[in-house]
Chemist: 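First the structure, which I've put down as structure tokens, then a few questions once you've had a look.
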There are 2 protein chains.
Amino acid sequence: MYVTYQTNFTEFGDAHPVDLEAPPHQDAKLRTVRAGQILFTEGDPARLIFRVGSGVLRLSRVTENGRRQVVAFGYPGDVLGFPLDGLYCADCDTLTSATLSVLPALALEHPLVYPQTTAFLVDRMAREISSMQDHFMMLGRKSAQEKVAAFILALMARAGRSGVSGCAVDLPMNRTDIADFLGITTETVSRMLTSLRSAGLIKLTTPQEVRVLDVPGLSRVAHGGD
Amino acid sequence: MYVTYQTNFTEFGDAHPVDLEAPPHQDAKLRTVRAGQILFTEGDPARLIFRVGSGVLRLSRVTENGRRQVVAFGYPGDVLGFPLDGLYCADCDTLTSATLSVLPALALEHPLVYPQTTAFLVDRMAREISSMQDHFMMLGRKSAQEKVAAFILALMARAGRSGVSGCAVDLPMNRTDIADFLGITTETVSRMLTSLRSAGLIKLTTPQEVRVLDVPGLSRVAHGGD
DNA sequence: CGCTCTATTGAACCGCATCAACGAACGTGG
DNA sequence: CCACGTTCGTTGATGCGGTTCAATAGAGCG
């Protein structure tokens, strides 16, 4: 999951349609994991590619001097674990319990043997690349306020539950995860959330659940509307 | 070309080995273009994928409110133009005259028809994803000084010409391009360059050519060495 | 020569990081 | 059951890094 930049809100849900149904994978196996489990670590031999069926995953990288960047959150439909020269190039663990489809990484090297799976993975990689390009915008060209607003909107589009008083959005990740994903600090995440709350755009029912009260307003903030 | 984060300098050149020789592409066609030519624009139907043979390309995205992010610079060996749902998802133009191998985008959808090309492109996409993850580090977790230092080192590893007085690095892109790539302003790029010059780490022979005088020193700065 | 575009440098402001304190939620053990 | 420590989120005060605005210099070109 990347928080993608979009021209206007109506495009949010449609731009990167995610098939929540399982695609045709004669090669896929199912797997269930608890919260807090490590799926793979940077440098591990990459034999498996994971497709999220339910739950939320975290993909991150760490530098030798301790700085961390959360590369992506894996939501249902997302595919994680693309290898580079046969090795994983990031760490991946579960934020919630999750069900996963497990695909053979070999499909990427042998298109003739796994043509369907290869085509599917190629499509996912292309989406990944496009989403990451969007996320560059986020990291490089947005203020903290815009980042947090866009983040909530993206989560809403991916996993929001519409209700009577606005759309409810779960935050299975903690503030540090959000901060490391957006390239800001936890304190700033907190401040921006309270700022959005003061503006009447969102409501924090609990620290782990946001209710979006004013979608167009939040969208305006996210896109730098002055 | 993404400025990738590396543990130490010696890994710089080797981490993402680039084959400067042409890979086996019975499907590839050659093409030569002048500087300043637009290869494709976001939203265009993507029929071709480009592999840089010589020259430097620029891949960028623009938002409706005018903010631009340079997504990547395309150096020899790089592949640009991965489609999303059959459309290009960024703008691409040439910073210098360039020679390109042109591959059919169809190879991504029909692995059985173009198995070799598909396997090649899959490998390139995986590298792309890994490099972009590295670049997230850059955008989200580095200071301006570190960004500029890392940028020069990355260009050096990709296109540096070693000589008597340090390694010469061409900057075919202007300061605005560098700024939009690193997520800072042109003024800051300038300031950081003069700061690195004052520290004796680099020399600016012309605004378009840098000479790296102290590789370990510059590497230390790039990685946040205090 | 004058015009334009790019790069550099300076000065002032401000957004965000940093450091610090505090409260809430949760678990553990007495 | 409550005292206690721990973790996490929030809020405040302060300082700095980088932006913004502005001026100048240099290069390319009609």
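We use all heavy atoms of the structure for the numbers below, so side chains are in, but hydrogens, waters and symmetry mates are not. Here is how names work: the chains are called A, B, and so on, in the same order as the sequence lines, proteins then strands, and each is numbered from 1.
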Chemist: Extract all donor-acceptor atom pairs below 3.5 Å that involve side chains of residues 31-48 of chain A and protein atoms in other chains or at least two apart in sequence.
Modeler:
{"from": "A:Asp44", "atom 1": "OD2", "to": "A:Thr41", "atom 2": "N", "distance (Å)": "3.0"}

Chemist: Thinking salt bridges, do A:Arg141 and B:Asp180 make one under a 4.0 Å N-O criterion?
Modeler: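 Looking at A:Arg141 and B:Asp180, the cut-off is met.
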Chemist: Classify B:Ser143 by what it touches in the nucleic acid, base, sugar-phosphate, or nothing, heavy-atom distance under 4.0 Å.
Modeler: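 Since only primed, P, OP1 and OP2 atoms lie under 4.0 Å of B:Ser143, the category is sugar-phosphate.
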Chemist: Taking side-chain contact (heavy atoms from CB on, under 4.5 Å) as the definition, give me every residue that meets it alongside A:Ala126, ordered by chain and number, with sequence neighbours left out.
Modeler: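 B:Met125.
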Chemist: My understanding is that only residues two or more places apart in sequence, or in another chain, count here; which of them pass side-chain hydrogen bond (donor to acceptor under 3.5 Å, both in side chains) with A:Thr194?
Modeler: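 A:Thr194 satisfies side-chain hydrogen bond (donor to acceptor under 3.5 Å, both in side chains) with no other residue.
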Chemist: Side chains of residues 164-175 of chain A: which donor-acceptor partners sit under 3.5 Å, not counting sequence neighbours?
Modeler:
{"from": "A:Asp170", "atom 1": "OD1", "to": "A:Arg161", "atom 2": "NH2", "distance (Å)": "3.3"}
{"from": "A:Asp170", "atom 1": "OD2", "to": "A:Arg161", "atom 2": "NH2", "distance (Å)": "3.2"}
{"from": "A:Asn174", "atom 1": "OD1", "to": "A:Thr176", "atom 2": "N", "distance (Å)": "3.1"}
{"from": "A:Asn174", "atom 1": "OD1", "to": "A:Asp177", "atom 2": "N", "distance (Å)": "2.8"}
{"from": "A:Arg175", "atom 1": "NH1", "to": "A:Pro207", "atom 2": "O", "distance (Å)": "3.0"}
{"from": "A:Arg175", "atom 1": "NH2", "to": "A:Pro207", "atom 2": "O", "distance (Å)": "2.8"}

Chemist: Is there any salt bridge (Lys or Arg N to Asp or Glu O under 4.0 Å) pair reaching into residues 87-102 of chain A, and which pairs are they, with sequence neighbours excluded?
Modeler: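 Every salt bridge (Lys or Arg N to Asp or Glu O under 4.0 Å) pair that includes a residue of residues 87-102 of chain A, provided the two are not neighbours, is A:Arg58-A:Asp93.
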Chemist: Under the rule for side-chain contact (heavy atoms from CB on, under 4.5 Å), what residues qualify as partners of B:Ser97, not counting sequence neighbours?
Modeler: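 side-chain contact (heavy atoms from CB on, under 4.5 Å) list for B:Ser97, sorted by chain: empty.
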Chemist: If you take all heavy atoms of B:Gly74 and B:Leu80, which pair is closest and at what distance?
Modeler: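 Heavy-atom minimum between the residues: CA-CD1, 3.9 Å.
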Chemist: Tell me which residues in residues 188-209 of chain A lie within less than 4.0 Å of DNA chain C, going by non-hydrogen atoms.
Modeler: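 The stretch gives A:Thr188, A:Arg191 as the residues lying under 4.0 Å from the strand, ordered by number.
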Chemist: Give me each pair satisfying salt bridge (Lys or Arg N to Asp or Glu O under 4.0 Å) with a member in residues 187-197 of chain B, each pair once, sequence neighbours excluded.
Modeler: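 Non-adjacent pairs meeting salt bridge (Lys or Arg N to Asp or Glu O under 4.0 Å): zero.
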Chemist: A:Glu187 near the nucleic acid: base, sugar-phosphate alone, or nothing, with a heavy-atom cut-off under 4.0 Å?
Modeler: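 Since a base atom lies under 4.0 Å of A:Glu187, the category is base.
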Chemist: Please list, chain by chain and in numerical order, all residues satisfying side-chain hydrogen bond (donor to acceptor under 3.5 Å, both in side chains) with B:Thr186, sequence neighbours excluded.
Modeler: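 B:Thr186 satisfies side-chain hydrogen bond (donor to acceptor under 3.5 Å, both in side chains) with no other residue.
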Chemist: Hey, where on DNA chain D does chain B first and last touch, going 5' to 3'? Cut-off is any atom under 4.0 Å from a heavy atom.
Modeler: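 On DNA chain D, the outermost contacted nucleotides are D:dG18 to D:dC21.
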Chemist: In Å, rounded to the nearest 0.5 Å, how long is the span from NZ of B:Lys147 to CE of B:Met138?
Modeler: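 With rounding to 0.5 Å, NZ (B:Lys147) is 8.0 Å from CE (B:Met138).
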Chemist: Heavy-atom contacts under 4.0 Å between residues 171-180 of chain B and DNA chain D, which residues?
Modeler: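 Per residue number, the list is empty: none.
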Chemist: Tell me whether the rings of B:Phe181 and B:His135 are parallel (<30°), tilted (30 to 60°) or perpendicular (>60°).
Modeler: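 If you compare the ring of B:Phe181 with that of B:His135, the planes turn out parallel.
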Chemist: For the residue pair B:Phe136 and A:Phe136, is the inter-centroid distance of their aromatic rings smaller than 6.0 Å?
Modeler: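 Between A:Phe136 and B:Phe136, which both carry aromatic rings, the centre distance is below 6.0 Å.
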Chemist: Considering only heavy atoms of chain B and a distance under 4.0 Å, specify the first and last nucleotide of DNA chain C in 5' to 3' order that meet this criterion.
Modeler: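 The contact span of chain B on DNA chain C goes from C:dA7 to C:dA11.
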